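Each ligand, and each atom within it, is numbered from 1 in the order the structure gives. No hydrogens, no waters, no symmetry mates; every other heavy atom, side chains included, goes into these values. What you see is a predicted model, and the numbers here were worked out from it, not measured in a lab. The chain is numbered in sequence order, starting from 1.
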Amino acid sequence: MNQLAQYQREYEAARAKNLKLDMSRGKPGADQLALSDELLDARWVTPSKAENGFDCRNYGILDGIPEAKRLFGELMDVPPEQVAVCGNASLTLMYDYIAQCMLHGAGGGAPWAKQGNVRFLCPVPGYDRHFSILEHFGIEMVRVPMLAHGPDMDLVEEYAQDESVKGLICVPKYSNPEGKTYSEAVVRRFAELKPAAQDFRVIWDNAYLVHDLYETTDPLLNIFDAAQACGTEDHFIEVTSFSKVTFPGGGVAAVAASPANIAEIRARMFVQTIGPDKLNMLRHARYFKDAAGVRQHMQQHAQILRPKFEAVLELLERELSGIASWTAPRGGYFISLDLPAGCAKRTAQLCKEAGVVLTPAGATFPGGRDPEDRNLRIAPTFPPIEELRAATQLLCLCAKIAAAEKE
Ligand code: PLP
C-alpha cells in the first residue's frame, strides 16, 4: 500500500471515532479558571473603599482606582499617572483608540478618516482580531513579515516614509501566533522610527507580558524607556489585560501611553462613561497586591500549560519532522505551524471533517488570506491534555495527507 493510502486508512479509522475536539481559540482551560475562583469571594471588596477613600460601589473615577493603576503601572513598568485602567478587555481599548483616531485624530492632527487612504502595518502571521478591527474601520493593511526576532524592521522603516501609513499593530511579547518576543534591537528600532505621518501610532498589544511557560522570561525592552530617549513616546499606545490571568471577560484591562496621549484618552473616557467597574479593579488589586503577586499566580498557570505545549511539540517533532516547521514558544498561548505551501486549508478541512476544530486556515493573515496557504495556529490551552494529544495526532495525520496529496 502506498503511503497516502496508508494515511487515509488511519484517517478513516480516526474519523469513525466521532471526535469532538476544539483547538481553535486561545482560551484558558477550566483548571486554569479555577486558579482564580478565590477572587469571587466577597471579602476582596469588603470594605468597598479604595485606598483614596472612594467608594467603589458608586459612579466616578474614570481611569482607575489608585491601587489598580499602581499594579498595572508596575507590570508595564510605567508611572501610574500614565496608565488608565478601564473595562474588562484590551480589545475594546484598541478598538476605541483607533475609533478615536479615525473620528477625532491623534495628537491634535486631523481625523484619520478625513486624511484619505489610511494604512496600517501588520506583522504577519498575526492576530486575527487585530485585523478585524482595522478591516472594520476600512484601514488598509500592509503586511510585514515576522523574522526571528520581530517584524522586518527594514520594511517597517521604509513603509513608514509614506504619510498614509498611520501606524502598526503588534504583539511584542510571545506574539500571537508565533510566540516570539521582540529583541532589544527591534524595540530600539521601533523607538527610533521617524515616520512621515506626524500622527503615527503603534498599538503595542502586550497581552502576554506575564504569560511565561518557564521560570526565565523572554526579556522585552520597555518601549516607553526606549522611546523617551528618542523623543518618540507619543508614537506608542500599550495595552494589556487580566483576561488570561484571572477570567476572560471578567478581568481588568489597562492602557499606558505618554502624558499627552493619556490625557487625550481620558478626555474621550469622560464622554464615554461615568465610571468603569471599580469593584472588579479593587478585588484584583487586593487579591494580587503587586506585580510579584501576579507573577506568582502566573506560575500556577505555567504548571498547567507547560505540559500541554510540550505534548504538542513532542508530537509535531515525532510526526512532522522534515515535512513542516513550527515555533516552540517560551510563553503566550499559541504554537504556529508552517506546512508545505498549499496545505493549510486542506489540513484544516480534513481536521474539521474528523471532528477537530482549528482556527481557520488563513486567519493569521489580513483578510483571512495566507498567500502561501501554509500557516495554522495551534491553541493548546483549552482541551484537557489527553484530548489535546488526540487532536494533535489527528492534525499531524491530516497534514501528512495534505502534503502527500500535493506530491
Ligand atoms: N491581544 C492578543 C494578542 C490576544 O491574543 C488576545 C486574546 O487572545 C487579546 C488581545 C484579547 O484580550 P482581551 O480579552 O483583553 O480583549
Heavy atom of the protein closest to atom 16 (O) of ligand 1 (residue, atom name, distance): Leu91 N, 2.9 Å
Polar contact flag for Asn88 and ligand 1 (N/O pairs, less than 3.5 Å): no
Location of contacts on Ser243 toward ligand 1, heavy atoms closer than 4.0 Å: side chain
Contact partition for Asp205 relative to ligand 1, non-hydrogen atoms under 4.0 Å: side chain
Salt-bridge present (Lys173, Asp218; N to O < 4.0 Å): no
Centroid-centroid distance, His130 to Phe120, less than 6.0 Å: no
Ligand 1-proximal atoms of Ser90, by part, heavy-atom distance under 4.0 Å: both
Region of Tyr208 that comes within reach of ligand 1 [heavy atoms, distance under 4.0 Å]: side chain
Residue pair Phe334, Tyr208: steps toward the side-chain contact (heavy atoms from CB on, under 4.5 Å) verdict: CA-CA 11 Å; Phe334 304 100; Tyr208 299 111; 3.5 Å; yes
Region of Lys244 engaging ligand 1 - heavy atom pairs below 4.0 Å: side chain
Closest protein heavy atom (residue, atom, distance) for atom 6 (C) of ligand 1: Tyr127 OH, 3.1 Å
Shortest non-hydrogen contact from Lys180 toward Ala148: CD-O, 3.6 Å
Glu319 bridged to Lys400 by N-O distance under 4.0 Å: yes
